[in-house]
Enquirer: 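Take this structure first; my questions come after.
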Amino acid sequence: MQSLGYDGNGLTNEQLAHEIIIDPEFELQPPKRTELEERVRSMATKAFFDSARADFEKGKYDVWIPNLLSDIKQRLIDLVPPTSPLQSSINEILDIDLIKQQTKVGVYNIRNCIVYITNTMLQICAPVRDEQIQELKNVTDLAEIFRRILEILDQMRLDLANYRVKAFRPYLKEHAVDYERRKFEQALKSNRLTLDRTKAWLTPTIDSLLRTIAERNPENVYLPQHKHNHGIKFDQVYNEALVSFIFQQSIIDKNNCPETFLLDVERLWNFQNEGQAITIVAALLMLTKNVASSHANFSSTDDNLTKLKDTLFVLLLDGDTTIDNLAAEILDYFPSSLSSETQTLIKSMVSKTLSQSDKVFSLLSRRIQSIVKQHLQAGQFPKKETLAQYGILTVAKELEQLSKKICVLGRYNREVYASWYDTVIKERLNEVGEANQKKKQAKKGKF
């Protein structure tokens with residue numbers, strides 16, 4: 001796989017290709033730094049350019065100019081094609097050996113050089129950078145000009161890498177499945193990975209579907225549709241297992257994630273959090289509507305309920321939000337005439353909902369999972385009538401957004417790893433079949 005001209009936030013080629021395919025909005029971002037790292041970097045940058053500024057004021061240009069221009073030259077060259085006439089121009093104008101000689105004897109015209117650099121940047125930058133570069137014309141502090149040029153060149157490098165990501169996506173779509181499949185096969189052959197967690201993930205769903213089939217046929221009557229694979233559909237196993245995994249109560253991490261989803265651990269964790277937030281908000285809105293319906297003097301409007309929904313989602317994203325904060329928002333939805341008993345009941349219900357032990361939460365979670373499974377199975381998000389029937393129409397927009405992301409991941413993952421999933425499912429069904437056969441033989445033996 002060719003380079004995009006950027007380190008991809010430390011991603012491997014495999015991870016980068018995967019992100020580009022799964023997330024249509026994916027863009028490379030500047031490296032993430034901790035608050036301490038950012039502070040140290042900021043202090044070091046300030047100290048560097050303060051020192052340069054002090055020497056510039058004393059006329060000591062030869063100490064700094066050649067090195068700074070050498071850095072800028074290399075960054076500009078990295079932004080233009082090797083055969084471009086612009087690259088020849090950059091090499092000719094920014095001749096570092098000549099610049100060293102001229103700055104040493106004090107005859108180098110740095111201002112003309114800055115004009116050339118900014119004009120060159122304007123020729124090759126994305127339109128979004130034009131204003132930043134034009135603003136350099138109003139800056140007189142030479143050290144500040146260099147600082148800003150280097151900063152903008154960093155941004156331009158990222159712009160170019162993201163342009164290449166977009167250009168590369170159509171090509172990648174044609175080859176991504178084979179590429180990822182090949183990488184996984186290599187990892188299995190070298191014993192860097194096993195399928196242990198994948199088997200542990202799929203097996204409970206297989207067993208659950210077999211139990212359901214058995215319960216529907218208690219007399220164990222022979223059914224032609226059960227001749228192959230006990231009547232189990234492999235796609236159904238996958239869809240059920242994926243949705244159950246995302247909506248489980250245990251926190252998703254790399255230690256419990258199936259090997260086939262190791263490139264998506266953070267994504268699945270985000271899906272899990274979104275799913276929990278949607279279920280909590282749906283439960284709280286149902287609670288609110290139930291309380292509202294018991295107060296004849298209070299008229300609820302869709303607009304007010306939507307505002308409450310949006311506020312609850314914002315609060316749930318805030319790690320400092322407490323039960324009291326959520327309860328207070330719901331209480332604010334009602335007139336102040338609510339009895340103290342009703343207020344206490346609301347606070348209690350909010351607490352139960354957040355602990356995920358509430359029956360309403362469990363019911364809505366099952367219904368939301370059912371909607372996502374239907375979307376995965378049919379390839380189409382269920383209609384409003386179904387959502388209204390399930391009591392989750394209030395969170396339809398958020399649920400559809402999450403469900404679409406799960407479907408994109410699910411379809412791609414199934415395509416890449418289908419052969420391994422089918423093998424695991426077949427092996428489990430054979431185990432069950434052999435166990436059932438032994439039971440039948442044991443029963444015959446008794447007679």
Side-chain angles (χ1 to χ4, degrees), residues 1-21 24 26-31 45 48 61-62 64-103 108-137 142 145-176 178-180 182-183:
M1 180 174 161
Q2 72 183 56
S3 170
L4 293 169
Y6 194 74
D7 68 2
N9 305 71
L11 299 175
T12 64
N13 279 346
E14 187 182 2
Q15 289 170 321
L16 186 55
H18 186 79
E19 288 301 319
I20 292 170
I21 290 297
F26 174 77
E27 284 193 345
L28 296 164
Q29 300 294 334
T45 301
F48 178 86
Y61 295 105
D62 60 311
W64 298 92
I65 297 297
N67 288 336
L68 285 167
L69 290 180
S70 177
D71 190 358
I72 289 170
K73 175 184 177 180
Q74 188 56 55
R75 295 187 195 208
L76 286 172
I77 285 173
D78 289 343
L79 292 170
V80 297
T83 56
S84 166
L86 203 50
Q87 184 159 138
S88 301
S89 170
I90 293 167
N91 281 319
E92 184 182 338
I93 302 297
L94 297 181
D95 182 335
I96 302 304
D97 288 336
L98 180 60
I99 290 169
K100 282 180 181 177
Q101 295 170 19
Q102 291 182 342
T103 51
Y108 187 65
N109 192 327
I110 186 59
R111 294 294 171 178
N112 284 350
C113 179
I114 296 296
V115 170
Y116 169 79
I117 289 169
T118 53
N119 285 340
T120 303
M121 289 168 70
L122 285 168
Q123 288 182 60
I124 60 177
C125 73
V128 71
R129 304 295 167 205
D130 283 352
E131 189 177 344
Q132 286 175 279
I133 298 169
Q134 294 286 6
E135 284 174 358
L136 290 172
K137 295 177 182 178
L142 188 57
I145 290 173
F146 275 118
R147 187 191 69 76
R148 290 199 196 182
I149 285 174
L150 290 167
E151 187 178 272
I152 296 169
L153 285 171
D154 272 346
Q155 294 167 348
M156 288 171 61
R157 182 166 170 252
L158 189 56
D159 293 339
L160 178 61
N162 280 319
Y163 169 78
R164 287 174 175 167
V165 163
K166 288 179 183 176
F168 193 47
R169 185 174 278 120
Y171 167 83
L172 191 57
K173 280 183 177 179
E174 295 179 21
H175 304 279
D178 288 338
Y179 175 72
E180 198 166 320
R182 191 168 64 251
K183 286 286 186 180

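Counting begins at 1 with the first residue of the sequence. Worth knowing before you read on, the calculation uses all heavy atoms, side chains too, and leaves out hydrogens, waters and symmetry mates.
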Enquirer: Side chains of Val165 and Glu19: closer than 4.5 Å at any heavy-atom pair?
Expert: no

Enquirer: Output all residues satisfying side-chain hydrogen bond (donor to acceptor under 3.5 Å, both in side chains) with Asp130, sequence neighbours left out; order by chain, then residue number.
Expert: none

Enquirer: For Gln15 and Thr12, run side chain to side chain donor-acceptor pair (under 3.5 Å): C-alpha distance rounded to whole Å, both residues' side-chain angles, the deciding distance at 0.1 Å, then the answer.
Expert: CA-CA 5 Å; Gln15 289 170 321; Thr12 64; 3.3 Å; yes

Enquirer: Please list, chain by chain and in numerical order, all residues satisfying ring pair (Phe, Tyr, Trp, His ring centres under 6.0 Å) with Tyr61, sequence neighbours excluded.
Expert: Phe56

Enquirer: If you compare all heavy atoms of Ile21 against all heavy atoms of Ala176, which two are closest, and at what distance to 0.1 Å?
Expert: CG1-CB, 3.6 Å

Enquirer: When you compare the side chain of Phe146 with that of Asp71, does any pair of heavy atoms fall below 4.5 Å?
Expert: no

Enquirer: For a side-chain contact (heavy atoms from CB on, under 4.5 Å) with Met156, tell me which candidate from Leu76, Val128, Ile124 qualifies.
Expert: Ile124

Enquirer: How would you list, by chain and number, every residue that makes a ring pair (Phe, Tyr, Trp, His ring centres under 6.0 Å) with Tyr163, sequence neighbours excluded?
Expert: none

Enquirer: Is Asp178 salt-bridged to Arg182, cutoff N-O under 4.0 Å?
Expert: no

Enquirer: Just jot down the side-chain contact (heavy atoms from CB on, under 4.5 Å) partners of Gln74, sequence neighbours excluded, or say none.
Expert: Ile77, Asp78

Enquirer: For Ala126 versus Asp159, what's the shortest heavy-atom pair and its separation?
Expert: CB-OD2, 4.2 Å

Enquirer: Quick one: list whatever passes side-chain hydrogen bond (donor to acceptor under 3.5 Å, both in side chains) with Asp95, sequence neighbours left out.
Expert: none

Enquirer: For Thr118 versus Ile133, what's the shortest heavy-atom pair and its separation?
Expert: O-CG2, 3.7 Å

Enquirer: Which atom pair, heavy atoms only, marks the closest approach of Arg169 to Phe26?
Expert: NH2-O, 3.9 Å

Enquirer: Decide yes or no for Cys125 and Leu79: does some side-chain heavy atom of the first lie under 4.5 Å from some side-chain heavy atom of the second?
Expert: no

Enquirer: Is there a donor-acceptor contact under 3.5 Å from the side chain of Asp62 to the main chain of Thr103?
Expert: no

Enquirer: Which heavy atom in Leu94 sits nearest to a heavy atom in Cys113, and how many Å separate them?
Expert: CD2-SG, 3.5 Å

Enquirer: Testing Arg148, Arg75, Arg129, Arg147 for salt bridge (charged side-chain N to carboxylate O under 4.0 Å, His left out) with Asp154, which one passes?
Expert: Arg75

Enquirer: Would you call Ile117 and Thr120 a side-chain contact if the rule is heavy atoms closer than 4.5 Å?
Expert: no

Enquirer: Among Asn109, Asn119, Ile149, exactly one meets side-chain contact (heavy atoms from CB on, under 4.5 Å) together with Ile114. Which residue is that?
Expert: Ile149

Enquirer: What I'd like to find out is whether the side chain of Glu27 reaches to under 4.5 Å of the side chain of Leu158, using heavy atoms alone.
Expert: no

Enquirer: What residues, two or more places apart in sequence or in another chain, satisfy side-chain hydrogen bond (donor to acceptor under 3.5 Å, both in side chains) together with Gln134?
Expert: Lys137

Enquirer: Which heavy atom in Ile72 sits nearest to a heavy atom in Leu150, and how many Å separate them?
Expert: CG1-CD2, 3.7 Å

Enquirer: If you measure only the distance, is there a donor-acceptor pair under 3.5 Å linking the side chains of Gln132 and Glu151?
Expert: no

